[in-house]
Asks: 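Got a structure here, written out as structure tokens. Questions coming.
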Protein chains: 2
Amino acid sequence: MDKKIIQELIDRYVSVSFEVNKKAESLIKSQIEEDITIDQHYIIRYIQNSTECTSSELAEAFEVNKSAITAIINRLADRGVIERTRDENDRRVVYLTLSEKGKEMSRKTQEKVHLLVESLITQFDETEITNFINTYEKLALILTNMKKEEMGE
Amino acid sequence: MDKKIIQELIDRYVSVSFEVNKKAESLIKSQIEEDITIDQHYIIRYIQNSTECTSSELAEAFEVNKSAITAIINRLADRGVIERTRDENDRRVVYLTLSEKGKEMSRKTQEKVHLLVESLITQFDETEITNFINTYEKLALILTNMKKEEMGE
DNA sequence: GGTGAATAGTTTAACAGTTTAACTATTATT
DNA sequence: AATAATAGTTAAACTGTTAAACTATTCACC
């Protein structure tokens, strides 16, 4: 690829990813706001989609320290959204699950987020958006490998 | 588009955008960390690319309240990274500029971020990454229009 | 030209999320 | 049995955020 073209692509990518992130996050916030934050929403979503979720798993997925997860989980547990249960075989491990209240909360916000994303996606034709998501997924893979290399060093 | 395909695309989009955001942010953080946060980095970047930057402009671009901007600017001004100058014609307005120290800081972190993004982008062929960014920019436009509609209501 | 509304920015209090370091409790290693 | 490693928590310190009240200035318009 030409040096100049690469430079232009870099600038465009940095700008557009910043802009989309900010705008999307702000729209999601305006949709879900029924007393939970965006991070709490993502934590709840993750727990629901995971079979046996632990703090360590969340810390890895969210790329933060475990103590940051403890803080978020504490707030949600205090409000009865999340429940903790110890593993009987390995008593160091604590499994995180959604309470009935948490599940209901998750269902509601998930629905709103889906409607929002649907209204975005359906403005493209199928080929374009499919290609976009395919490339996006490749990018995720590249980033994962980069991360692994970084750890290896 | 088929209902089922849309559902699948939504799920894939939500998952992949979350994953890429977290990973990219974490990589950027590991690159720039010379005493500034990611948000500070973005603020510095914005000021550098803007001709006459104000707090209100930043608040709009970052989709946060003006007082959040004040807090960030205070920290950077205390450290001599950013300077404030009042507009002589409209004394309510405060322009934000980078000090020499700020410019140097910006140059360094910009370079690192560029190298990082370059190493991502060059793993795709030109057509694929160009198409990707084109669609991404369309998405940004759609989000901007959505935001406007939301305001209009 | 003076008054009330609008605008730009700041302050304060309260809270969410984050890191680092030290800690408890448990399990694995040797 | 002694030492390492692992899972999770706690505490202190910090950044970023909102909401509401505030200062200072400019605009609108009668």
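So that the names make sense, note that chain A is the first sequence line, chain B the second, and so on, each numbered from 1.
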Asks: Running the 4.5 Å side-chain criterion over Ile, Leu, Val, Met, Phe, Trp and Tyr, what cluster does V93(B) land in, apart from itself?
Replies: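 Grouped by the 4.5 Å side-chain rule, Y95(B) form the rest of the cluster around V93(B).
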Asks: With heavy atoms under 4.0 Å as the rule, sort D87(B) into base, sugar-phosphate or nothing.
Replies: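 The residue D87(B) makes no contact with any strand.
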Asks: Mind listing the residues from residues 39-51 of chain B sitting with a heavy atom below 4.0 Å of DNA chain D? Number order is fine.
Replies: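 Correct list: D39(B), Q40(B).
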Asks: Please report, rounded to the nearest Å, how far the C1' atom of dG16(D) is from the CD atom of E25(A).
Replies: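 Interatomic distance, CD of E25(A) to C1' of dG16(D): 12 Å.
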Asks: If pairing requires Watson-Crick or G-U wobble contacts with both distances under 3.5 Å, which nucleotide is the partner of dA4(D)?
Replies: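 When the pairing criteria are applied, nothing turns out to pair with dA4(D), so the answer is none.
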Asks: Can you list every side-chain hydrogen bond (donor to acceptor under 3.5 Å, both in side chains) pair that touches residues 58-70 of chain A, not counting sequence neighbours?
Replies: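 The answer is E63(A)-K147(A), E63(A)-S26(B).
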Asks: One character per nucleotide, please: for nucleotides 5-11 of chain C, 5' to 3', B when the base has a protein heavy atom closer than 4.0 Å, S when only the sugar-phosphate does, - otherwise.
Replies: -BBBBBB
Asks: How many Å lie between CG on N65(A) and P on dT6(D), as a whole number?
Replies: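 Checked: the CG to P distance equals 16 Å.
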Asks: Taking a hydrophobic cluster as the set of Ile, Leu, Val, Met, Phe, Trp and Tyr residues connected by side-chain heavy atoms closer than 4.5 Å, whether directly or through intermediates, do I5(A) and L120(B) fall within one such cluster?
Replies: yes
Asks: So, are K103(A) and E100(A) salt-bridged, with charged N and O less than 4.0 Å apart?
Replies: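 Salt bridge flag = yes for E100(A) with K103(A).
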Asks: Please report the distance, rounded to the nearest Å, between CZ in F62(A) and P in dG17(C).
Replies: 11 Å
Asks: Applying salt bridge (Lys or Arg N to Asp or Glu O under 4.0 Å), name anything that partners E25(B), two or more places apart in sequence or on another chain.
Replies: none
Asks: Under a 4.0 Å threshold between the charged nitrogen and the carboxylate oxygen, would R107(B) count as salt-bridged to E104(B)?
Replies: yes
Asks: Using atom CD1 of I32(B) as one end and atom C1' of dT15(D) as the other, report the distance to the nearest whole Å.
Replies: 13 Å
Asks: Syn or anti: how is dA4(D) classified when any glycosidic angle within 90° of 0 counts as syn?
Replies: syn
Asks: Please check if the side chain of S17(B) supplies one atom and the backbone of V14(B) the other of a donor-acceptor pair under 3.5 Å.
Replies: yes
Asks: Examine dT26(D): is either OP1 or OP2 under 4.0 Å from a nitrogen or oxygen in the side chain of R91(B)? Give yes or no.
Replies: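 The answer is no; no side-chain N or O of R91(B) sits under 4.0 Å from OP1 or OP2.
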Asks: Nearest whole angstrom, please: distance from the P of dC15(C) to the CD1 of I72(A).
Replies: 17 Å
Asks: dT6(D) C1' sits how many Å from N89(A) CG, rounded?
Replies: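 Distance, rounded to whole Å: 16 Å.
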Asks: Measuring from I73(B):CD1 to R75(B):CZ, what's the distance to the nearest 0.5 Å?
Replies: 10.5 Å
Asks: Please report, rounded to the nearest Å, how far the C1' atom of dG17(C) is from the CG atom of N21(B).
Replies: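 For the pair N21(B) CG and dG17(C) C1', the rounded distance is 17 Å.
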Asks: To the nearest angstrom, how far is R75(B) atom CZ from dT18(C) atom P?
Replies: 16 Å
Asks: Apply ring pair (Phe, Tyr, Trp, His ring centres under 6.0 Å) to Y42(A) and list each qualifying residue two or more places apart in sequence or on a separate chain.
Replies: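 Y42(A) satisfies ring pair (Phe, Tyr, Trp, His ring centres under 6.0 Å) with F18(B) only.
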